[in-house]
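All ligand and atom numbering here is 1-based and tracks the order in the structure. We use all heavy atoms of the structure for the numbers below, so side chains are in, but hydrogens, waters and symmetry mates are not.
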Amino acid sequence: MATRKTLLSVAADSWPVAKDELLRHVEDAVEVRRVGEESAVLEAAHTTAKDVAALARQVPLVFPRHLTDVVAEYDHATTGLDSVIDFLDPAVREFHAGPEVSLQIWLSGKTAYKFSRHDAWENAAQVLIDRGYQVTRTGSAVAVSICFTPKTAIVGVNRVADSLSSWPGGEVRLSKTPEQVSRAEFKLEELFKAHPIDAGVEPKGRALDYGAAPGGWTRILAERGYRTTAVDPGDLDPRVLKLPNVVHERTTAGNFLRDTKDRFDLIVNDMKMSPDRSSRFMVDSARLLNPYGAAVTTLKTGSHHVLEQIDESFAILGAAYDIEFARQLRHNRNELTVVLRRFG
Ligand SMILES: C[S@@+](CC[C@H](N)C(=O)[O-])C[C@H]1O[C@@H](n2cnc3c(N)ncnc32)[C@H](O)[C@@H]1O
């Protein structure tokens with residue numbers, strides 16, 4: 001029986017829970033095999049990368065970060081892309097009549113590769129150009145991905161819109177800036193790139209940040225144009241306190257929720273709490289949101305009974321919200337980021 005293969009990227013720490021999640025939700029899955037530190041191949045009777053992307057949005061599947069349909073797998077020590085290109089040509093044409101493709105190179109894990117990502121990109125791009133393709137780094141509708149695992153190179157072709165991330169292997173790279181006050185900022189920054197919650201909404205309105213100290217998320221929200229209330233018994237960085245549209249409420253989230261009469265357009269929550277407690281707290285907080293307001297919460301699952309905790313949290317959150325997006329982002333560690341939309 002001919003099967004379909006999808007190459008996925010997942011966090012190294014989340015294997016094998018990511019495998020369990022796929023086997024649970026992809027009904028025709030035959031096997032999920034790890035091929036590199038952060039890469040796995042799902043083999044299924046009919047399911048394609050596009051189908052997995054749809055499941056990731058609907059169910060949602062939280063662990064896959066990047067997807068592509070596998071076209072070929074070859075040994076990079078002895079074979080080259082030029083011998084694979086005969087498989088690649090029809091695969092590209094299946095998605096796309098034009099000759100323009102983005103080329104994405106991804107080295108899976110900390111293996112001692114004998115080449116750099118840059119050299120691999122240049123060599124593969126030349127092979128594609130020699131065969132008549134116009135090759136871009138990013139921005140084309142279709143991406144040709146090559147994932148170098150310790151033993152093989154896996155070549156994939158997929159529409160970027162069905163790949164979950166436009167970054168090679170979902171490896172979003174964000175750089176530290178002098179204004180940054182916490183590493184946690186990367187999580188919110190990455191989320192806004194992956195799922196622009198408030199695109200086109202102007203003015204942004206009011207935001208509430210639970211567990212705000214030292215103020216990274218508050219800073220990002222304020223910069224985005226939200227008038228932001230930061231709730232935390234701890235100190236905010238003085239640079240954040242000085243921002244004109246930031247107010248610090250030095251109290252616990254529970255006390256704030258009990259006493260406030262304010263209403264918000266966005267609530268974010270990065271408090272260190274068990275996922276079920278965080279979820280209940282977000283449901284209680286839904287009354288502070290304007291209709292169709294959004295909320296962002298991290299669910300800190302740790303590494304035990306992860307799928308059970310996710311199921312329980314989603315069931316709790318479902319009392320007040322639609323789950324619009326849920327994913328373990330590259331900047332999440334043993335946690336996932338969830339975007340919620342309050343029922344009308
Ligand atoms: C991971 S840090 C948040 C980092 C923040 N998002 C940033 O970007 O700078 C978690 C914060 O949650 C706060 N926290 C924990 N429990 C809380 C509660 N019940 N009420 C308010 N804040 C709480 C802690 O004081 C801590 O500052």
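Set against the non-hydrogen atoms of Ser182, the atoms of ligand 1 under 4.0 Å away are 7 (C), 8 (O), 9 (O). The ligand atoms of ligand 1 that sit less than 4.0 angstrom from a heavy atom of Ala253 are 18 (C), 20 (N), 21 (C). Close approach of ligand 1 to Ala212 (heavy-atom distance below 4.0 Å) involves ligand atoms 5 (C), 7 (C), 9 (O). Atoms of ligand 1 found under 4.0 Å from any heavy atom of Gly216, numbered from 1 in the order shown, are 7 (C), 8 (O), 9 (O).
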>> Show, in sequence, the C-alpha distance, side-chain angles and deciding distance for Asp235 and Arg250, and conclude whether the salt bridge (Lys or Arg N to Asp or Glu O under 4.0 Å) test is met.
In response: CA-CA 8 Å; Asp235 291 336; Arg250 192 187 281 281; 2.8 Å; yes
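Residue Pro233 touches ligand 1 through its side chain alone, judged by heavy-atom distances below 4.0 Å.
Annotation: atom 18 (C) of ligand 1 to nearest protein heavy atom, Met271 SD, 3.4 Å. Protein heavy atom nearest atom 27 (O) of ligand 1, with residue, atom name and distance: Asp232 OD2, 2.8 Å. Scanning the protein for heavy atoms near atom 12 (O) of ligand 1, the closest one is Gly211 CA, 3.4 Å. When hydrogens are left out, the protein atom nearest atom 6 (N) of ligand 1 is Asp270 OD2, 2.9 Å; that is the closest non-hydrogen contact.
Classification of Arg330 and Glu190 as a salt-bridged pair fails, no side-chain N sitting under 4.0 Å from a carboxylate O.
Judged as a side chain to side chain donor-acceptor pair (under 3.5 Å), and not counting sequence neighbours, the contacts of Glu324 are His195, Arg341. Partners of Thr177 according to the side chain to side chain donor-acceptor pair (under 3.5 Å) rule, which considers only residues two or more places apart in sequence or in another chain, are Glu179.
For ligand 1, none of its N or O atoms has an N or O atom of Lys300 under 3.5 Å away.
Ser279 contributes no side-chain N or O that, together with a main-chain N or O of Arg277, makes up a donor-acceptor pair within less than 3.5 Å. In this structure a side-chain-to-backbone donor-acceptor pair under 3.5 Å is present from Thr79 to Asp75.
What you find for Pro99 and Tyr133 is that their closest heavy atoms are O-CD2, 3.3 Å.
In this structure, Tyr210 has no heavy atom closer than 4.0 Å to ligand 1.
Here atom 2 (S) of ligand 1 lies nearest to Ala213 when heavy atoms of Ala213, Ala184, Gly254, Pro214 are compared.
Between Phe115 and His76, the ring planes are perpendicular. Angles over 60° get that label, and only those under 30° would be called parallel.
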